[in-house]
Number of protein chains: 2
Amino acid sequence: MKQDLRVIKTQESIRQALLILLKTKPLDSISVAELCRLAKINRGTFYSHYKDVHGVFKHYVEVIVSDFKKAYEQPYYRTGFRIQHIRPEMIKIFDHVKRYKKFYQIIFDEKIPLMYYNLLFDTVRTFMMESIQENHLKTDSEIQIEYLTSYQANAILGLLIEWYRRDFETPTEEMNEQLIMILSMSSSFRNQTSIS
Amino acid sequence: MKQDLRVIKTQESIRQALLILLKTKPLDSISVAELCRLAKINRGTFYSHYKDVHGVFKHYVEVIVSDFKKAYEQPYYRTGFRIQHIRPEMIKIFDHVKRYKKFYQIIFDEKIPLMYYNLLFDTVRTFMMESIQENHLKTDSEIQIEYLTSYQANAILGLLIEWYRRDFETPTEEMNEQLIMILSMSSSFRNQTSIS
DNA sequence: AATTTTATTGTACACGTGTATAGTATCTTT
DNA sequence: AAAGATACTATACACGTGTACAATAAAATT
C-alpha cells in the first residue's frame, strides 16, 4: 500500500506553517492552535501526527543533523589526512552550524528542552567513537571510552555554546584556529590548570 | 521596612508543595494549578511571585549551585596543592552531584529547558576562569580564554551527562579516576584522534 | 489601638491543551 | 467506476494558562 496523499499534504502544511511562524516569533511561544490555524488543519488532526509543536520542529532538526552526518561521512575526510596531525573533519562543524545558524539559535535557546542538545551531543559523540575505532587507537585500558568520548564531544559543544552566546560573530576560520590551538595545548598546561 | 510575613508564608508553602509533588511525578507534568491546590494558595497569588513552575524549581537549583560554589571556594582547596599536579577542586563536583542526585536527574532530563544546564555551565566555567587567573597562567596569546574555558567547563559536564545516563551508578571514586586519566592523557593522543 | 498599606482571595474571561466521537470527504484498491 | 478503507472535520468536554479587578484579610506603621 502506498503513502496516503492526505497525510503527506497535512504534514507538509503543518511543517510549512511552523517555518513561517518561526520567522516572526520564538519556538516556545508557538501554540498548536496557532499552527493549525495557519496550516488550515483541524487541531484534532494535528495530534494524530505530532505530540506537540516540538514534534514538528524535531523533524527539521533531524534533517539538519543527518546533513551534518552525511558531510562528515564523506570518505575524503576520513582517509586523506595523516592521523599524526589534527584532521579537519571536526572543522566542518563550524561551517555546518553557521549554515544552519537560525536553527542552532533555537536549539541553544535556554527556554528550549535539552532534547535537541542531546541529539547534537550524541551525533558528535558518535564521530568521536568512530574516529577512535577506525584508527585502532587503544587508550589507556583504564579509561572508559564512553566517558572519554562524552568528555571530548561535549567540549566541542562548549565552543558552540560560547559561539552562540556571541551570536556566531566570531568567523568560522577563527573558530577553527581556536579549536586547533586548544587541542594542541601541551599537557603540562592541563596539569597546571588543575581543571581543564 | 521589613519583609511581609504573608509573602514568606505563601512562598514557602509553594516551594514545599513542589518538593512534595516532585516525589511522585516529573517536574514537567506539574501544573501551576495543582501546585496551588496543594499549597492552599490562590492561583492569582502564585503569579505575583513566580512566572511558572520552573520559577519555583529554580529557587532550589540556585540553592544547590551556591552550595557547590561555597564548597569550591573553601581556601583549603585553593592553596593546599601544588599547581604542578592535578588539583582536587574539580573532584568535588562528583561528590556534589551525587549528593543532590535527585535534582540533577531533573536538570539533565531531556524535557527540561536548557536554562538549568546553562546555570551549571556558567558555574563550572567561572571556576575555570578563576583557576587560570589565580595561578597567573598565561595561555597562548592567540587563545581566547572565553573559548578555552567554555571548552573545558563543558567537557566536565560531558562526563556528568554520561554519568547521568548511567543513572549515576559509576562510583564517585571511579569518576575521579576517569577524569584524572583523561586530563593526563598525552597530547600525542589528542593529535591522533583528530577530534578530541 | 486605630490607621494605613498591601498581600491574598474570589471571580471572571479569553485562550490553549489533550482527548473523544460521529459525520464527512478523500484516498486506495478491486 | 464502485466499494471499502481511512484520514480529516466539527464539535464538545474537562482541564490548565495568564491576566484583571473589586472585595477582603492580614500585615506594618503611627
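Lettering follows sequence order; numbering is per chain, from 1.
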Under-3.5 Å donor-acceptor pair between Arg6(B) side chain and dT8(C) base: no
Residue mapping more 5' on DNA chain D - nearest nucleotide basis, Ser48(A) or Gly44(B): Ser48(A)
Ring-ring centroid check Tyr151(B) Tyr147(B), cutoff 6.0 Å: no
5' priority, DNA chain D, between Lys9(A) and Arg43(A) [closest heavy atom]: Lys9(A)
Closest to side chain of Tyr47(A), choosing from dT11(C), dG18(C), dA7(D): dG18(C)
Rounded distance (Å) that lies between atom P of dT8(C) and atom CD1 of Ile14(B): 8 Å
Sub-6.0 Å ring centroid separation between Phe68(B) and Tyr100(B): no
Under 4.0 angstrom between Thr45(A) side-chain N/O and dT9(D) OP1 or OP2: yes
Residue pair Ser150(B) / Arg125(B), side-chain heavy-atom distance below 4.5 Å: yes
Side chain to side chain donor-acceptor pair (under 3.5 Å) partner of Tyr104(B), chosen from His96(B), Arg99(B), Lys98(B): His96(B)
Parallel, tilted or perpendicular: ring planes of Phe94(A) versus Trp163(A), cut at 30 and 60 degrees: perpendicular
Aromatic ring pairing Phe168(B)/Tyr164(B), orientation class (parallel under 30°, perpendicular over 60°, tilted between): perpendicular
hbond_proxy Asn42(A) side chain to dA10(D) base (donor-acceptor, 3.5 Å cutoff): yes
Axis deviation across the helix from dA1(C)-dT30(D) to dT30(C)-dA1(D), five-pair ends, to the nearest 10°: 30°
Whole angstrom value for the distance that separates C1' of dT5(C) from CG of Leu5(B): 14 Å
Protein-nucleotide distance (Lys51(A), atom NZ; dG18(C), atom P), rounded to Å: 7 Å
Interatomic distance where CD belongs to Gln3(B) and C1' belongs to dT6(C) [whole Å]: 13 Å
Side-chain donor/acceptor of Thr126(B) to backbone N/O of Asp122(B), under 3.5 Å: yes
Nearest-angstrom distance from the residue atom CG of Asp4(A) to P of dC8(D): 7 Å
Residue-level proximity of residues 16-41 of chain A to DNA chain C when a heavy atom falls under 4.0 Å: Ser31(A), Val32(A), Ala33(A), Arg37(A)
Heavy atoms from other residues, nucleotides or ligands near NZ of Lys9(A) exceed 12 (cutoff 6.0 Å): no
Tyr116(A) and His54(A) aromatic centres sub-6.0 Å: yes
His49(A) vs dA7(D): side-chain N/O to OP1/OP2 distance below 4.0 Å: no
